[in-house]
Amino acid sequence: MNAQIFAGCIPALMTPCTSDRTPDYDALVRTGRRLIDAGMSAVVYCGSMGDWPLLTDEQRMEGVARLVAAGVPVVVGTGAVNTATAVAHAAHAQKVGAHGLMVIPRLLSRSTAVDAQRNHFKAILAAAPDLPAVIYNSPWYGYSTGAELFFALRREHPNLVGFKEFGGAAAMDYAAEHITSRDDDAMLVVGVDTCTFHGFLRCGAAGAITGIGCVLPEASLHLVRLCKQAAAGDVVARRRAQELDEAMKVLSRFDEGADLVLFYKYLMVLKGHPEFELHFNETDALSDSQKGFAKAQLELFEKWYEGWSREA
């Protein structure tokens with residue numbers, strides 16, 4: 001079990017789809033392979049970015065299996081309304097050779113009940129004891145895992161190695177103070193692109209799971225590298241990390257909203273990847289004004305980044 005799988009920069013893959021609104025597995029694998037070749041340490045598949053609620057369980061498992069077979073290190077999202085379904089995804093991930101789990105809380109049914117979430121998490125962790133796992137904290141899922149539950153689970157399930165925090169700076173501060181500061185071996189993973197600098201420099205994050213990294217892998221890897229250097233005391237790296245983080249802020253902010261997949265798929269098309277043009281729900285689409293704004297922001301950033309990179 002290699003917990004260091006979470007210590008790098010990890011893009012959350014989106015699922016490209018064909019004209020009949022089914023997954024384009026070949027394009028999925030090409031994307032995963034391209035991002036790993038660019039320097040990413042792993043990919044997440046079937047988190048929110050992967051549109052897991054819109055896929056069948058069979059489609060999700062097929063995507064995981066194909067990525068693994070192509071030599072792509074995969075962290076598998078376990079999102080499900082039913083605990084048994086989440087357990088099946090965890091067990092499948094271990095069986096086919098995935099590298100980790102991103103454990104998503106129980107949804108809808110008893111989602112605010114601590115005992116229900118405890119049992120949900122325990123079942124998932126027990127189903128794949130050889131895979132390092134992080135719990136995914138996100139306000140979109142309607143439940144926030146606190147320190148007491150995290151450590152109770154960690155005592156029984158040593159494969160629970162850390163915490164992915166999507167809830168913003170204050171939530172990341174809580175995780176740093178009450179979870180990772182209490183256990184040197186527990187890892188904090190930045191879960192939202194707007195908090196990369198904050199997570200590494202102020203909360204001691206070990207890695208980052210990114211949405212914008214799918215679109216801008218070079219800049220995202222650059223930011224994480226600078227943040228790690230800054231956290232080690234490099235004052236020049238700190239200044240440059242802050243500059244890059246600020247320059248990416250608008251594009252990163254798409255990661256916080258309900259339309260994150262729509263925005264990032266559109267940006268992928270602008271970057272020359274037409275396989276991301278379609279969505280699983282035909283009615284899902286950005287407005288013309290949203291497209292214009294996203295395109296303008298991408299162009300502005302790329303012009304800035306080209307000049308800024310030459311200054312190094």
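- Checking Thr78 against His89 by side-chain atom types alone, no donor-acceptor pair falls below 3.5 Å.
- Atom CG in Leu216 sits 7.5 Å away from atom CG in Leu267 (nearest 0.5 Å).
- Looking only at distances, a side-chain donor or acceptor of Ser181 sits under 3.5 Å from a matching main-chain atom of Ala176.
- With Asp234 contributing its side chain and Val236 its backbone, the two residues share a donor-acceptor pair below 3.5 Å.
- In the hydrophobic clustering of this structure, Leu153 groups with Tyr143; members are Ile, Leu, Val, Met, Phe, Trp, Tyr whose side-chain heavy atoms approach within less than 4.5 Å, directly or through other members.
- No more than 12 heavy atoms of other residues, nucleotides or ligands shown are found within 6.0 angstrom of CD on Glu218.
- By the 6.0 Å and 45° rule, Lys164 stacks over the aromatic ring of Tyr136.
- Tyr266 contributes no side-chain N or O that, together with a main-chain N or O of Ala285, makes up a donor-acceptor pair within less than 3.5 Å.
- A distance-only check finds no donor-acceptor pair linking the side chain of Asn159 to the backbone of Ala133 [under 3.5 Å].
- Under the 30°/60° scheme for interplanar angles, the aromatic rings of Trp308 and His222 are found to be tilted.
- Within 6.0 Å of CG on Asp37 lie more than 12 heavy atoms contributed by other residues, nucleotides or ligands.
- Glu299 has no carboxylate O lying under 4.0 Å from a charged side-chain N of Lys303, or vice versa, which leaves the two without a salt bridge.
- Residue pairs meeting the side-chain hydrogen bond (donor to acceptor under 3.5 Å, both in side chains) criterion with at least one member in residues 11-20, sequence neighbours excluded, are Thr15-Tyr45, Thr18-Asp20, Thr18-Thr22, Asp20-Thr22.
- For the atom pair Ile5 CD1 and Leu101 CG, the distance stands at 12.0 Å (nearest 0.5 Å).
- By the criterion of side-chain heavy atoms lying less than 4.5 angstrom apart, applied directly or through intervening Ile, Leu, Val, Met, Phe, Trp or Tyr residues, Val68 is grouped together with Leu35 in one hydrophobic cluster.
- Cluster annotation: Met102 and Val192 are assigned to the same hydrophobic cluster (Ile/Leu/Val/Met/Phe/Trp/Tyr, side-chain heavy-atom contacts under 4.5 Å, transitive).
- Remark: the backbone N or O of Gly211 is paired with a side-chain donor or acceptor of Asp193 at under 3.5 angstrom.
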Yes or no on side-chain contact (heavy atoms from CB on, under 4.5 Å) for Met61 and Val64, after CA distance, side-chain angles and deciding distance? CA-CA 5 Å; Met61 290 180 181; Val64 170; 5.6 Å; no
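- We find the NZ-CD distance between Lys271 and Glu302 to be 3.5 Å, quoted to the nearest 0.5 Å.
- Annotation for Lys295: atom NZ does not count as buried by contact number, only 12 or fewer foreign heavy atoms lying within 6.0 Å.
- Remark: Ile10 CD1 to Ser220 OG distance equals 12.5 Å, nearest 0.5 Å.
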